Visitor: 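The structure under discussion is supplied below as structure tokens; questions concerning it will follow.
Just so you know, ligand 1 is whichever comes first in the structure, and atom 1 is the first atom listed for that ligand. Because the structure is predicted, anything quoted here is derived from the model rather than measured.
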Amino acid sequence: MTLQLWTNCRAATMASGAAQPYGLIDDAALVTDGETLAWVGVRGEVPESLARRCTVHHDAGGALITPGLIDCHTHLVYGGDRAAEFELRLNGATYEELARAGGGIASTVRATRAASTDELLTVSARRLQRLMNEGVTTVEIKSGYGLALAHERKCLQVARSLGQNRAVEVRTTFLGAHALPPEFAGRADDYVDTVLDMLALLHAEGLVDAVDGFCEHIAFSTTQIRRVFDAARQAGLPVKLHAEQLSDSGGAQMAASYGALSCDHLEWLSEEGARAMARVGTVAVLLPGAFYFLRETKLPPFDWLRKHGVPMAIATDCNPGSSPGTSLLLMLNMACTLFRLTPEEALAGVTRHAATALGLPDRGTLAAGQRADFVLWDVQRPAELAYAMGSNPRIQTVFKGKAEGAST
Ligand code: NIG
Ligand code: FE
């Protein structure tokens, strides 16, 4: 394996428990060994035995280096858009009213079913590219706009192919329990039977890394989601949940009882829910884009999350209805301005804690043994990544040890 040395940089290692904020190392050096980081530390302290074996030396030009960003919650494979609903909402209709009237998720289901694999691939690749342009090296993509076997399969296959031949890893999540498709109107429990059948087949086809559900009065009850989670557990798949977005339905406690990787949204989370998540290490995935776009006013209970030590991740929630955006850097800004997270908490939310939310302990920090996924930024301080709205200071991404082209 080729060892490569990176110097002339500051590194925000984001290592847990580091003495400096952001785990910052001012005059840093990184050594990669193939796809892995072999050493990270102060430049003057690179072990001589390692330095001698480095065959390539990169001058980072004074860049700040962070771990590759991780977008741990997206729905980026979908057909159509919901700009018309955006207009209706601006004329007074609410998200829930539109959903109940057959719009909302159901309208994206119609467009997604009508789209061919190639069409979905084209539009989704564009969205993914925008995330990658901002330094994303791992992205989670959910199904959930097909809601029938052939279409859920199509979306997961598109997600899988997006992860091939690109400098990004895609993790797929089966979200069959996202909404009730029209052909099952009034028969939610029958649809859950179908979800279980789809899960078994799609998992057998190697298309599923995790299982999610939407637990809400406009979607599925905790009892219904339990059936899905029981099947996931039997299949050995981790679970996560869209929980307490519009109301407190006790979804977080229920998901925590399954050792869920994450509970996401959480505006209406109770303190008991936060305690239950803390007990099993479930990550709170906060989605400021959806909060902003739906003009929510109820903030997730950060004080309880901090008090009970629940790790907080940040993600785009990229989807056509509640968060039609592909900027994880903007989410950092919104996490700070709308949710009052510190820039350090926000950056940890798209690195270390986002990795935990995906069950991927091999990434999210810069440390020996971690995957060599990192980003060079044209900034002095890590806080600038959250501060500068709409700018993209990425210089270069390194994915699995391999340096990719400069920023577009
Ligand atoms: O995460 N909450 C459920 N699902 C998506 C929204 C989906 C949609 O409106 O199309 C979300 O916000
Ligand atoms: Fe979502």
Side-chain angles (χ1 to χ4, degrees), residues 71-86 88-89 93-113 115 123-124 127 139-147 151 155 159 171-182 210-220 225 228 239-249 251-252 255 260-269 283-296 298 300 313-326 328 331 334 354 357-358:
D71 193 351
C72 66
H73 180 142
T74 86
H75 309 246
L76 72 74
V77 175
Y78 61 83
D81 66 67
R82 305 242 288 277
E85 278 184 15
F86 179 56
L88 288 173
R89 283 203 295 115
T94 69
Y95 183 70
E96 285 171 87
E97 280 164 8
L98 291 165
R100 289 185 194 286
I105 296 174
S107 76
T108 299
V109 170
R110 286 191 289 279
T112 304
R113 287 179 176 180
V123 292
S124 308
R127 295 175 194 128
V139 61
E140 184 252 18
I141 301 179
K142 304 173 193 297
S143 69
Y145 289 123
L147 308 184
H151 299 292
C155 292
R171 304 290 294 179
T172 59
T173 298
F174 173 65
L175 179 55
H178 192 197
L180 195 59
V211 175
D212 196 351
F214 186 15
C215 191
E216 195 55 67
H217 48 81
I218 57 168
F220 298 94
I225 298 287
V228 180
V239 299
K240 54 181 71 184
L241 190 65
H242 284 72
E244 341 299 21
Q245 179 185 9
L246 308 168
S247 61
D248 179 12
S249 57
L261 287 175
S262 70
C263 288
D264 304 38
H265 288 286
L266 297 175
E267 278 79 355
W268 292 82
L269 179 70
V283 176
V285 177
L286 306 174
L287 304 166
F291 176 89
Y292 161 79
F293 195 73
L294 297 181
R295 301 182 75 228
E296 298 290 352
K298 183 148 172 67
I314 306 292
T316 61
D317 197 14
C318 170
N319 76 72
S322 69
S323 192
T326 44
L328 196 53
M331 296 306 114
M334 287 187 183
L358 294 180

Visitor: Please could you name the atoms of ligand 1 that R82 approaches to less than 4.0 Å, counting only its heavy atoms?
Guide: 8 (C), 9 (O), 10 (O)

Visitor: Number the atoms of ligand 1 from 1 as they appear, then name those within less than 4.0 Å of a heavy atom of H73, with their elements.
Guide: 1 (O)

Visitor: Considering only protein heavy atoms, which is closest to atom 9 (O) of ligand 1, and at what distance to one decimal place?
Guide: Y95 OH, 2.4 Å

Visitor: Nearest protein heavy atom to atom 12 (O) of ligand 1, by residue and atom, and its distance?
Guide: S322 OG, 2.5 Å

Visitor: For T326, does its backbone N or O pair with a side-chain atom of T316 as donor and acceptor, under 3.5 Å?
Guide: no

Visitor: Could you report the tightest heavy-atom contact between I225 and A177, atom names first, then the distance?
Guide: CD1-CB, 4.1 Å

Visitor: Quick check: of its N, O or S atoms, which one does D317 have closest to the Fe ion (ligand 2)?
Guide: OD1

Visitor: Name the orientation class of the two ring planes belonging to H265 and H242 (parallel below 30°, tilted from 30 to 60°, perpendicular beyond 60°).
Guide: tilted

Visitor: Please confirm whether the backbone N or O of G79 pairs with a side-chain atom of T112, one donor and one acceptor, at under 3.5 Å?
Guide: yes

Visitor: Heavy-atom contact check, 4.0 Å cutoff: does N319 meet ligand 1?
Guide: yes

Visitor: Is a side-chain donor or acceptor of R82 paired with a backbone partner of G103 at a separation under 3.5 angstrom?
Guide: no

Visitor: Please state which protein non-hydrogen atom is closest to atom 7 (C) of ligand 1 and give its distance, to 0.1 Å?
Guide: Y145 OH, 3.1 Å

Visitor: Between the Fe ion (ligand 2) and H73, which N, O or S atom of the residue is the nearest one?
Guide: NE2

Visitor: Taking the non-hydrogen atoms of E216, is any one of them nearer than 4.0 angstrom to ligand 1?
Guide: no

Visitor: Using modelled atom types only, decide if a donor and an acceptor are shared between the side chain of E140 and the backbone of T172 within a distance under 3.5 Å.
Guide: no

Visitor: At a threshold of 2.8 Å, where the distance has to be below it, does the Fe ion (ligand 2) have an N, O or S atom of H242 nearby?
Guide: yes

Visitor: Any idea which protein heavy atom is nearest atom 2 (N) of ligand 1, and the distance to it?
Guide: Q245 OE1, 2.8 Å

Visitor: Could you tell me which atoms of ligand 1, counted from 1 in the order shown, lie closer than 4.0 angstrom to a heavy atom of I105?
Guide: 7 (C), 8 (C), 9 (O), 10 (O)

Visitor: Are the side chains of R89 and L294 in contact, using a 4.5 Å heavy-atom criterion?
Guide: yes

Visitor: Is it true that some N/O/S atom of D264, main chain or side chain, lies under 2.8 Å from the Fe ion (ligand 2)?
Guide: no

Visitor: Please write down residue, atom name and distance for the protein heavy atom closest to atom 4 (N) of ligand 1.
Guide: H178 NE2, 2.8 Å

Visitor: Once rounded to the nearest 0.5 Å, what's the spacing between atom NE2 of H178 and atom NZ of K142?
Guide: 8.5 Å

Visitor: Which heavy atom of P288 sits nearest to which heavy atom of A315, and what is that distance?
Guide: CD-O, 4.1 Å

Visitor: Counting distance only, does the side-chain N/O of E216 pair as donor-acceptor with the main-chain N or O of L246 below 3.5 Å?
Guide: yes

Visitor: What's the atom name of the N, O or S in H75 nearest to the Fe ion (ligand 2)?
Guide: NE2

Visitor: Which residue and atom name correspond to the protein heavy atom nearest atom 11 (C) of ligand 1, and how close is it?
Guide: D317 OD2, 3.2 Å

